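My structure is below; once you've seen it, I'll send some questions.
Note: hydrogens, waters and symmetry copies are ignored here, and every other heavy atom, side chains too, is used. Quantities reported herein were computed from a predicted structural model and do not represent experimental measurements.
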Amino acid sequence: MKVFSPILACLALAVVASHAALSPEQYWSYKLPNTPMPKAVKEILHPGGGGVNVNTGKGKPGGDTHVNVGGKGVGVNTGKPGGGTHVNVGDPFNYLYAASETQIHEDPNVALFFLEKDMHPGATMSLHFTENTEKSAFLPYQTAQKIPFSSDKLPEIFNKFSVKPGSLKAEMMKNTITECEQPAIEGEEKYCATSLESMIDYSISKLGKVDQAVSTEVEKQTPMQKYTIAAGVQKMTDDKAVVCHKQNYAYAVFYCHKSETTRAYMVPLEGADGTKAKAVAVCHTDTSAWNPKHLAFQVLKVEPGTIPVCHFLPRDHIVWVPK
């Protein structure tokens, strides 16, 4: 007579729910059955014409394989006329970097930084929630695992995605890998997720049970304008969170970092033109390990480790909040 074993039943379920058996959407439902999928994730799963084509052949120069890496992500600096094109690696969400003069004056993310004391109903801020033109999609876990993601494999990576070495796309991809390979700042843990499944696994491993995964949502794309904080600011976590920032790459890659000194809020906003937004705000209560020349300090005129520094998240970044 066969005896029912709960342990064997669980093992069977685990096998069925492996990365190989489930689509990214199914994997989300299996791992996070009570957590709604944020709009940012849905849009990256179905980017509307911005899918990823991987060149599995020899990669002929000028071939048909197309990868949309995007040209207007964070820190792209086209330089002075006649001075060539280069990429400014001063990602404002990597706290090791110093901001350049160009970034201070031209990066739309400058406006996203503010002080926690200024986050109250009735407060106004000039904001520009840019829509990233990089429509790169998630690769399935199994596919992503087979593609190298390291600086010593760059020629192979460029060949696989038919990206010309030395081009703007190549520099963006190189900078993303370089950032991913750098050590985390003191007090944080970091990880670069190359698939939705690996981002889910990382967040669960660092937070235990996930309560919410949220992203900034704006009714429509607008230019820089004045927004007023409406009533109903909601604190989602008072200490621990995982924040994942979408990177410029041939497919969807997220730079995730877990911090024990983070407060996360959902902030309702109303634009001068009537546009409504639900913006995710992250406040860092310990900035002592940040680069003293980081963009936030230069914009807000404060010193590292003094008072909490906050920033709204762009629309394709995600905050994971524990239960």
Inter- and intrachain pairs under salt bridge (charged side-chain N to carboxylate O under 4.0 Å, His left out), touching residues 213-233, at least two apart: Lys220-Asp273
Less than 3.5 Å apart, any donor N or O on the side chain of Glu189 or Tyr202 sitting next to an acceptor on the other? no
Please round to the nearest 0.5 Å and tell me the distance separating atom CD of Glu116 and atom CD1 of Ile307. 9.5 Å
Apply salt bridge (Lys or Arg N to Asp or Glu O under 4.0 Å) to residues Arg315 and Glu43 and explain how you reach the verdict. CA-CA 10 Å; Arg315 292 155 69 176; Glu43 290 180 347; 5.7 Å; no
How about Val242 and Tyr191: do any of their side-chain heavy atoms sit closer than 4.5 Å? no
Here the gap from Ile177 atom CD1 to Phe149 atom CZ, rounded to the nearest 0.5 Å, amounts to 5.0 Å
Is any side-chain heavy atom of Leu32 closer than 4.5 Å to a side-chain heavy atom of Met37? no
Side chain proximity check, Thr261 to Asp239, heavy atoms < 4.5 angstrom: no
Are Lys278 and Val267 packed together at the side-chain level, in the sense that at least one heavy-atom pair is separated by less than 4.5 angstrom? no
Between atom CE of Met236 and atom CZ of Arg263, what is the distance when rounded to the nearest 0.5 Å? 13.5 Å
Would a 4.5 Å heavy-atom cut-off, applied to side chains only, mark Tyr249 and Ile157 as touching? yes
Heavy-atom check, side chain of Thr176 versus side chain of Tyr255, under 4.5 Å: no
Between Tyr27 and Tyr141, is the gap from one ring center to the other below 6.0 Å? no
Should the SG of Cys256 and the SG of Cys244 be checked, would they turn out to be under 2.5 Å apart? yes
In Å and rounded to the nearest 0.5 Å, what is the CG to CH2 distance from Leu22 to Trp28? 14.5 Å
Are the side chains of Tyr251 and Thr143 in contact, using a 4.5 Å heavy-atom criterion? no
Tell me which one of Thr275, Thr222, Thr124 satisfies side-chain hydrogen bond (donor to acceptor under 3.5 Å, both in side chains) with Tyr227. Thr222
